[in-house]
Amino acid sequence: MKITYETQRLSLRFFMLMLVLFGMQVGYGLLLAAQQVDPTILAGTLNFNVARASHLTLGILWIVCGFIGGTFFAAPLLAKREIAMVPLAKFLFFAIIGLVIWNLSTQFLAMKGIAGWWMGQPWLQNGLEFLEGGRVFGLVLLVGFIILASIVLRTFPPVKQWNEIHWGLGIGITALVFVWIFGLFYVSRLDLQEYFRWYVVHYWVEGVWEVIHISLIGVLIVFMFKASVRAVGFAVFWGISLVWLSGLIGNAHHYFWVGTPEFWQFWGSFFSALEPVPLVFCFWHIYLDAHANKRPLTNAPAFYFILGSTVLELVGAGILGFVMTFALTNAWSHGTWITAGHGHLALFGTFGMLGIGAAYWAIPSMRNTPDFDQRLGKLGFWFLFAGMLGMALSFAFGGMVQAYVMRVLGLEWSSGDVSPAMGVFKMTLPVFGFLFAAGAAIVIYDLATLGAHRSPALTTPAATGWRRPLTGFEAGIWLGFMCIFGLVITFSLLAFNLPSVRVGGDPTLPYLLGGIGYLGLFGVTLGFVVRFTASLGARLRVESPELPTPDLAIDT
Amino acid sequence: MSCTTGDKSCETPRRRGALSVLVLMAAIFLTLSVFSFLDSRGQVTPDQISYKDYSADDGKRIFQAYNCMGCHTIVGNGAYLGPDLTKEYNHTGPAWLEAFLPSAGSFPTAAAVRTHLISPEQLKLSGVTSFEEYLEKYPGAAERLDRRAGKVSHMPNLQFREGEVAKLIAFLKYTAAMNNEGWPPAIQAGSLETRVAKVHGTSLVAAANASVSASPEPVSASGGATAEQGEKLVTDYGCVACHATDTTQKVGPGWGDLFGSSVPLADGTTVKADQAYLAESIRNPDAQVVKGYPAGVMPPYKDLIKQEELDAMVAYLVSLSKAGK
């Protein structure tokens with residue numbers, strides 16, 4: 001575990017910036033959870049909408065920092081040469097800091113109703129969900145993306161020598177630029193605005209981030225398990241192809257109720273129901289790659305986070321996305337906390353955990369401390385993982401109540417009807433939020449000081465019972481239960497259409513199915529990750545020469 | 001699968017195959033997109049809708065400037081804290097929104113909504129001829145006046161500038177006119193009482209109804225106009241939604257120590273706040289606008305309240321200052 005190229009060290013500053021922004025986002029998240037309970041907290045000073053805008057933008061920016069860190073760490077190995085245009089890469093770092101400060105300040109203007117309208121565009125802040133930054137922010141970020149894409153493409157070898165990993169990362173980083181452009185125009189028609197807003201949000205997540213995610217996971221799998229670049233490249237190719245083939249028309253699930261025609265309900269329901277397919281594929285591949293050779297984990301925190309990323313991608317993005325992707329279920333989940341549960345688990349799980357996992361792999365190499373103490377990293381992972389599952393559960397249950405009170409009973413008085421009904425789950429949200437925040441603090445501290453503490457002598461527990469090797473059959477059973485509980489959740493949302501619920505006003509059946517489905521799904525998810533990591537932890541530590549990392553730039 | 005790993009000759013056809021399917025999908029998607037926004041679909045556009053002097057597009061810009069989506073949802077997208085605003089205009093009508101938005105920190109009373117409906121222009125905009133007809137046409141307004149009037153809302157008071165409230169209403173009028181393919185789903189779960197009972201239990205509903213019927217009609221002050229009557233009137237009319245009883249500024253100026261002070265006006269002159277000034281500020285607020293406050297936010301009360309009520313309110317305002325005591 002040593003770095004090969006000096007410019008791989010460029011990734012360190014982006015990982016550190018990622019941790020700072022992550023910590024800030026968690027802080028805003030805790031404030032938002034508190035304001036959900038009592039909206040008068042900081043009212044007039046830092047209103048809910050300002051805090052939420054900052055929470056979302058910070059989330060996007062720290063995930064991008066994680067991508068940049070991972071890409072800069074991998075790019076020299078993929079290119080077999082140093083990173084090109086180093087001064088621009090350094091500039092990019094300061095540009096992101098400037099953007100963060102600018103954006104956090106300008107969001108406060110929303111409390112005064114100042115958007116900075118000039119030439120028909122809002123230059124200071126935009127007031128649209130996920131695209132809260134004004135045009136100044138948007139254009140500077142566009143320049144940042146262009147710089148990033150230029151650095152990566154100039155570093156890579158000529159296109160003729162690209163293998164699947166080059167293609168994945170190259171396309172992903174370049175597409176960041178093009179998709180962002182759709183968010184840089186003021187659109188007067190609400191239906192057309194929402195149409196283009198989802199170009200950015202959906203195609204970023206489903207078309208671009210997912211592609212970068214699959215490619216970087218591929219790279220990390222090669223690092224960790226010395227897996228064959230050809231086999232990983234094959235997985236990357238099919239992963240990306242399936243993501244795009246299902247996700248391109250799958251965007252239609254955002255066009256059910258925004259003023260676009262009814263035919264989108266067919267296309268959206270059908271194609272986005274296929275969106276979990278590539279995620280099942282990736283899930284299965286990480287099982288295969290982790291079991292290709294039976295060597296013990298050299299860097300457990302890094303693998304934990306990569307595993308968490310792949311599992312939560314399937315559960316948070318795939319299954320929780322699937323349950324509300326049908327027009328008949330979406331009519332009830334749309335505009336409620338149910339979607340927030342999906343969003344939190346999918347975004348942090350898939351992309352956040354990837355960034356942290358990449359940092360855990362890269363930082364010990366750069367500091368040349370392969371024998372760093374891994375205990376804090378593992379502890380931080382469990383806090384983050386359990387905290388986020390708990391938050392998603394609070395969102396999901398709160399969302400079921402919200403859907404019932406607001407959509408079935410038609411009572412939308414937030415302080416009189418909706419908030420009191422959701423009360424319990426508005427309280428459990430910050431409780432799990434604190435668990436998550438504790439995990440964030442542990443991980444940030446651990447990564448910042450990584451290498452200061454040496455690992456104690458490790459004993460390998462016996463590989464029996466809960467720790468026995470995980471077979472493909474058993475992994476398949478876990479996966480099967482996840483899918484079954486996902487179906488139960490789908491039926492719970494479908495049950496809102498029954499006359500007994502809609503007309504009779506009796507929520508028992510959706511609540512019951514939702515309770516079984518969500519608790520079952522999250523329980524199986526937690527159990528599977530515990531089982532998977534326990535079985536890897538019991539692999540025998542035999543002294544054997546370290547395998548060289550395979551040649552990433554190999555022409556397949 | 002013959003083309004699994006390592007066979008170079010398989011790579012190119014596989015990439016091409018995936019790409020061609022992708023192009024086909026993109027073609028389907030773009031075709032559907034074009035059909036979504038053709039004029040023949042008949043979807044309403046912002047240039048077709050206006051309210052007072054403002055277009056729906058003016059309102060959309062204000063909607064974005066205040067980041068309304070950061071708490072509310074619109075067509076279901078947004079922040080899930082406040083209610084969905086898509087059909088709000090159809091539900092509560094423009095007069096309720098006019099009464100609510102300037103002082104969003106609390107819900108308007110019936111008197112506050114009635115004040116707006118005195119103007120023939122507002123009656124015409126609302127498409128009704130009387131307050132009673134308004135409540136029938138906009139059941140959401142009736143429900144809110146019944147259950148929420150005078151209560152604190154979760155929304156902060158925003159210091160809207162002149163015209164911004166009307167612009168926002170223009171935007172909400174547009175979204176309410178949109179065809180959203182039936183979303184949000186129509187409410188089929190029975191009467192309001194039944195539905196409220198599902199959330200709060202029947203006992204609470206009964207208690208609330210009892211307290212509503214027990215509360216007397218707004219006092220029409222017979223006999224001498226006293227400050228105590230005035231204090232009750234400013235609550236009934238919802239004045240305290242915008243005005244603090246001390247010197248702090250809410251939506252309008254605070255009342256504390258107002259009587260007897262010198263008030264700077266928007267036209268640069270200064271006026272002494274005597275009884276006549278206070279009475280005129282209630283009857284016809286736009287005649288003498290205080291410096292730093294936009295005109296047109298407070299509706300004129302001249303046709304709504306009786307002389308005795310006015311006297312009682314002025315007596316109450318006088319009692320809030322040292323000079324008056």
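Residue numbering restarts at 1 for every chain, and letters A, B, ... go by the order of the sequence lines. FYI, side chains are in, hydrogens and waters are out, and symmetry mates aren't considered; it's all heavy atoms of this structure.
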If you count heavy-atom pairs under 4.5 Å with chain B, which of [options] comes out on top?
options	answer
A:Tyr404, A:Phe130, A:Trp198	A:Trp198
A:Ile114, A:Val405, A:Thr336, A:Leu109	A:Thr336
A:Pro39, A:Ala51, A:Ser241	A:Pro39
A:Met111, A:Glu194, A:Gln36	A:Glu194
A:Pro261, A:Ala252, A:Gly116, A:Gly505	A:Pro261
A:Gly335, A:Gly113, A:Ala115, A:Ser414	A:Gly113

Practice task
Tell me, with the steps shown, if A:Leu245 and B:Val21 meet side-chain contact (heavy atoms from CB on, under 4.5 Å).
Solution key: CA-CA 8 Å; A:Leu245 294 180; B:Val21 181; 3.8 Å; yes

Measure distances from [X] to the heavy atoms of chain A and classify the residue's part below 4.5 Å as side chain, backbone, both or neither.
X	result
B:Arg144	side chain
B:Met178	side chain
B:Gln159	neither
B:Leu19	neither
B:Leu158	side chain
B:Asn77	both
B:Tyr174	side chain
B:Ala186	both
B:Pro156	side chain
B:Gln48	neither

Taking every non-hydrogen atom, the tightest pair across [X] and [Y]:
X	Y	answer
A:Gly504	B:Lys198	O-NZ, 3.2 Å
A:Met406	B:Asp84	CE-N, 4.4 Å
B:His200	A:Gly416	CE1-O, 3.2 Å
A:Gly120	B:Arg61	O-NH1, 3.6 Å
B:Pro46	A:Ser188	CG-O, 3.4 Å
B:Glu181	A:Thr260	CG-O, 3.5 Å

Completion exercise
Taken in chain and number order and not counting sequence neighbours, the residues that satisfy ring-ring contact (aromatic ring centres under 6.0 Å, His included) with B:His72 are none

Practice task
Could you give me the CA-CA distance, side-chain angles and deciding distance for B:Leu81 and A:Asn49, then say whether side-chain contact (heavy atoms from CB on, under 4.5 Å) is met?
Solution key: CA-CA 9 Å; B:Leu81 178 65; A:Asn49 57 352; over 6 Å; no

Under a 3.5 Å distance rule, please check whether [X] uses its side chain to pair with a backbone N or O of [Y] as donor and acceptor.
X	Y	result
B:Gln43	A:Gly259	yes
B:Arg195	A:Leu409	yes
B:Gln188	A:Val503	no
A:Trp244	B:Leu22	no
A:Arg189	B:Val44	no
A:His334	B:Val75	yes

Hey, could you give me the [atom1]/[atom2] distance between [X] and [Y], rounded to the nearest 0.5 Å?
X	Y	atom1	atom2	value
A:Lys112	B:Phe160	NZ	CZ	12.5 Å
A:Leu190	B:Lys60	CG	NZ	6.5 Å
B:Met25	A:Ser246	CE	OG	8.5 Å

Handout entry: Winner by heavy-atom pair count (cut-off under 4.5 Å) against chain A, out of B:Gly82, B:Ala56, B:Ala79, B:Cys68
Key = B:Ala79

Fill in the blank from the handout: Of the listed B:Thr86, B:Thr45, B:Thr73, B:Thr194, the one with the largest count of heavy-atom pairs under 4.5 Å with chain A is B:Thr45

Practice task
Check whether any side-chain heavy atom of B:His154 lies under 4.5 Å from a side-chain heavy atom of A:Phe48, and answer yes or no.
Solution key: no

Handout entry: B:Arg14 charged N/C atom sitting above A:Phe234 aromatic ring, 6.0 Å / 45°
Key = no

Exercise for the section: Decide whether B:Asn67 and A:Glu132 meet the rule of one side-chain donor and one side-chain acceptor closer than 3.5 Å. Expected result: no

Exercise for the section: State, without any angle test, whether A:Tyr186 and B:Asp57 hold a side-chain donor-acceptor pair at a distance under 3.5 Å. Expected result: yes

Is it the backbone or the side chain of [X] that comes under 4.5 Å from a heavy atom of chain B, or both, or neither?
X	result
A:Val187	backbone
A:Asp38	neither
A:Arg52	side chain
A:Ser419	side chain

Kindly list each side-chain donor-acceptor pair under 3.5 angstrom involving residues 26-38 of chain B, sequence neighbours excluded, with atom names and distances?
| from | atom 1 | to | atom 2 | distance (Å) |
| --- | --- | --- | --- | --- |
| B:Thr31 | OG1 | B:Ala27 | O | 2.6 |
| B:Ser33 | OG | A:Tyr195 | OH | 2.4 |
| B:Ser33 | OG | B:Phe29 | O | 2.8 |
| B:Ser36 | OG | A:Trp264 | NE1 | 2.7 |
| B:Ser36 | OG | B:Leu32 | O | 2.8 |

Problem - Ionic contact status for A:Asp417 with B:Arg147, cut-off 4.0 Å - result: yes

Problem - Salt-bridge present (B:Arg148, A:Glu412; N to O < 4.0 Å) - result: yes

Practice task
Go through the steps for B:Tyr66 and A:Gln125 under the test side-chain contact (heavy atoms from CB on, under 4.5 Å), then give the verdict.
Solution key: CA-CA 9 Å; B:Tyr66 282 94; A:Gln125 57 98 13; over 6 Å; no

Practice task
Kindly check if the number of other-residue, nucleotide or ligand heavy atoms within 6.0 Å of OH (B:Tyr293) is above 12?
Solution key: yes

Exercise for the section: Please indicate whether B:Asp246 has more than 12 foreign heavy atoms, meaning atoms of other residues, nucleotides or ligands, lying under 6.0 Å from its CG. Expected result: yes

